[in-house]
Amino acid sequence: MYILIVNPAAGNGRGLKLFKQLKKTKEYHRQNIRTFFTKASEGAEALAAELSKIEAPSLKACLVLGGDGTLHEVINGWKPQGRVPICFLPAGSGNDFARGLGVKAGILPLFKAVLRNPEEHHVYLGNYRLPKGEERTFLNNIGIGFDGAVASYADRPAFRIWMRRLHLTKWIYPAALICALPSFKPFEVEVKLDGQALVMEKVMMITMTNHPYFGGGMKLAPRSDFQHPRMSVILVRSLSKQKLLTLFLSVFIGKHTALKEVVEWEADTVHIRTKHETFFQVDGQPSRSDEWLMKKASSKTTFLSNS
């Protein structure tokens with residue numbers, strides 16, 4: 001048996017369209033697939049938590065059709081009794097996790113291959129905790145500072161509506177970057193890398209990542225890899241707005257790390273404090289805080305794919 005969790009609103013309705021295509025395949029009807037839809041009032045995390053209680057010795061995998069945000073919620077809710085792998089069917093606007101995993105095929109070939117002859121990927125994810133919060137898992141990255149401000153701007157309903165009307169949903173992040181830049185101010189940050197403390201002034205952003213990609217395909221950490229037991233840490237010092245735009249153009253090909261304002265580290269644990277609440281994003285979802293504790297997962301998570 002397979003469980004299929006579908007976010008019909010993912011990718012501005014792309015999730016529902018892709019599910020209708022899957023439902024027409026022979027594989028969907030030949031396999032024992034139980035499908036569940038997320039709702040606005042009940043996100044994927046609560047749904048995954050409830051479904052993971054199902055005792056089914058024959059449960060082969062949990063399939064997730066949605067965006068990175070949907071998968072983030074499922075990962076944090078899915079707590080099965082035994083080992084049950086997850087398959088991500090990317091239907092969002094960014095799909096950075098699929099890029100990091102090396103998934104290149106479209107939804108239909110991926111769906112069919114996973115049901116017929118899946119390939120297992122065992123990868124290290126990351127864990128994080130906010131003040132007074134419980135430990136959670138992140139798939140892609142946590143970005144503090146300008147990265148978070150851009151994600152916050154991109155999350156504005158009015159902004160997303162206009163991007164859809166202009167048929168520019170693939171360019172939401174670059175457009176939000178340009179809009180958020182004029183009002184953003186550099187900040188001071190205290191960083192502890194595996195216990196070693198650093199104080200950095202005039203910082204634009206600092207991002208902890210499990211794989212190279214963020215923002216819908218930008219190659220933020222070219223040397224990062226899911227198989228690596230340490231996370232990549234990218235810090236960008238204050239630089240002119242013109243040079244910042246140059247940085248984000250070069251980040252698509254991973255050449256930005258040559259700039260003197262870009263610092264790259266590796267660490268098992270990262271502890272960050274700022275003097276004031278600062279924008280941040282986790283797997284593309286924006287929020288604010290003044291303290292973060294991140295660490296690499298000690299064990300690997302199994303995902304199914306066709307590559």
Side-chain angles (χ1 to χ4, degrees), residues 2-29 33-48 50-51 61-78 86-101 103-115 139-140 150-177 179 213-218 281-287 303 305-306:
Y2 294 88
I3 285 177
L4 172 60
I5 296 176
V6 179
N7 180 358
N12 300 312
R14 186 164 176 259
L16 181 59
K17 293 179 181 178
L18 289 173
F19 169 70
K20 291 180 178 178
Q21 293 179 23
L22 298 186
K23 199 174 180 180
K24 294 179 181 179
T25 64
K26 295 179 180 178
E27 287 77 8
Y28 181 87
H29 295 284
I33 300 177
R34 296 183 62 184
T35 302
F36 302 86
F37 293 88
T38 63
K39 301 177 182 178
S41 59
E42 180 187 23
E45 185 168 341
L47 179 59
E50 188 63 30
L51 293 176
C62 175
L63 312 177
V64 183
L65 177 59
D68 285 350
T70 307
L71 184 60
H72 173 94
E73 292 187 21
V74 170
I75 284 292
N76 281 284
W78 184 250
I86 292 176
C87 172
F88 181 45
L89 304 171
S93 55
N95 300 322
D96 286 318
F97 183 80
R99 287 188 184 87
L101 204 61
V103 176
K104 298 179 180 179
I107 288 286
L108 290 180
L110 174 60
F111 176 71
K112 294 176 181 179
V114 166
L115 295 181
L139 302 158
N140 302 322
V150 172
S152 179
Y153 199 100
D155 198 50
R156 295 182 181 184
F159 177 76
R160 299 186 75 89
I161 289 173
W162 275 107
M163 293 299 289
R164 285 199 299 269
R165 288 179 178 176
L166 296 172
H167 303 288
L168 295 173
T169 53
K170 291 184 178 181
W171 299 95
I172 282 181
Y173 192 93
L177 184 153
C179 293
Y213 303 101
F214 93 137
M218 295 183 181
Q281 62 81 20
V282 52
D283 290 341
Q285 305 304 305
S287 189
F303 288 87
S305 182
N306 61 340

**Report entry** Which atom of Gly106 lies closest to which atom of Pro109, heavy atoms considered
**Finding:** O-CD, 3.2 Å

Query raised in the report: Roughly how far, to the nearest 0.5 Å, is the CG atom of Asn7 from the CG atom of Leu16?
Result: 10.0 Å

Query raised in the report: Is the backbone of Lys23 close enough, under 3.5 Å, to the side chain of Gln21 for a donor and an acceptor to pair up by distance?
Result: no

Query raised in the report: If you draw a 6.0 Å radius around CZ in Arg34, do more than 12 non-hydrogen atoms from other residues or ligands fall strictly inside?
Result: no

Report task. Taking all heavy atoms of Phe159 and all of Cys179, pick out the closest pair and write down the distance. Result -> CE1-SG, 4.3 Å

Requested in this report: May I have the step-by-step check of side chain to side chain contact (heavy atoms under 4.5 Å, CB included) for Val64 and Trp78, ending in yes or no?
Outcome: CA-CA 11 Å; Val64 183; Trp78 184 250; over 6 Å; no

Report task. For the pair Phe88 and Leu139, evaluate side chain to side chain contact (heavy atoms under 4.5 Å, CB included) and give the outcome as yes or no after the intermediate values. Result -> CA-CA 12 Å; Phe88 181 45; Leu139 302 158; over 6 Å; no

Query - Worked check of side chain to side chain contact (heavy atoms under 4.5 Å, CB included) between Met218 and Tyr173 - result: CA-CA 10 Å; Met218 295 183 181; Tyr173 192 93; 3.5 Å; yes

Query raised in the report: When rounded to the nearest 0.5 angstrom, what is the spacing between NZ in Lys24 and NE2 in His29?
Result: 10.5 Å

**Report entry** Asp283 side chain vs Asn140 backbone, donor-acceptor pair below 3.5 Å
**Finding:** yes

Report task. Measure from the side-chain N and O atoms of Arg99 to the backbone N and O of Gly94, and report whether any donor-acceptor pair falls under 3.5 Å. Result -> yes

Report summary line: What one should report as the nearest heavy-atom pair of Arg14 and Asn95 is NH1-ND2, 4.3 Å

Query raised in the report: How far does CD1 of Ile5 sit from CG of Leu71, to the nearest 0.5 angstrom?
Result: 9.5 Å

Report task. Could you check if a side-chain atom of Leu22 sits within less than 4.5 angstrom of a side-chain atom of Val6, using non-hydrogen atoms only? Result -> no

Requested in this report: Nearest 0.5 Å please: distance from the CG atom of Leu65 over to the CZ atom of Phe111.
Outcome: 9.5 Å

**Report entry** Evaluation steps, side chain to side chain contact (heavy atoms under 4.5 Å, CB included), between Leu89 and Val114
**Finding:** CA-CA 10 Å; Leu89 304 171; Val114 166; 5.6 Å; no

Query raised in the report: Rounded to the nearest 0.5 Å, how far apart are CG of Leu18 and CD1 of Ile107?
Result: 5.0 Å

Query - Heavy-atom pair with the smallest gap, counting every atom of Ala10 and Gly66 - result: CB-CA, 3.7 Å

**Report entry** Donor-acceptor contact below 3.5 Å, side chain Asp96 vs main chain Gly217
**Finding:** yes

**Report entry** Donor-acceptor under 3.5 Å (Glu73 side chain, Glu45 main chain)
**Finding:** yes

Query raised in the report: Rounded to the nearest 0.5 Å, how far does OH of Tyr2 lie from CD of Glu27?
Result: 11.0 Å

Query raised in the report: Considering all heavy atoms of both residues, which atom of Thr38 and which atom of Pro8 are nearest to each other, and what is their separation?
Result: OG1-CD, 3.7 Å

Report task. Please state whether the rings of Phe97 and Phe303 are parallel, tilted or perpendicular, taking 30° and 60° as the class boundaries. Result -> tilted

Report summary line: For Gly69 and Gln285, the nearest pair of non-hydrogen atoms, with its separation, is CA-NE2, 3.8 Å

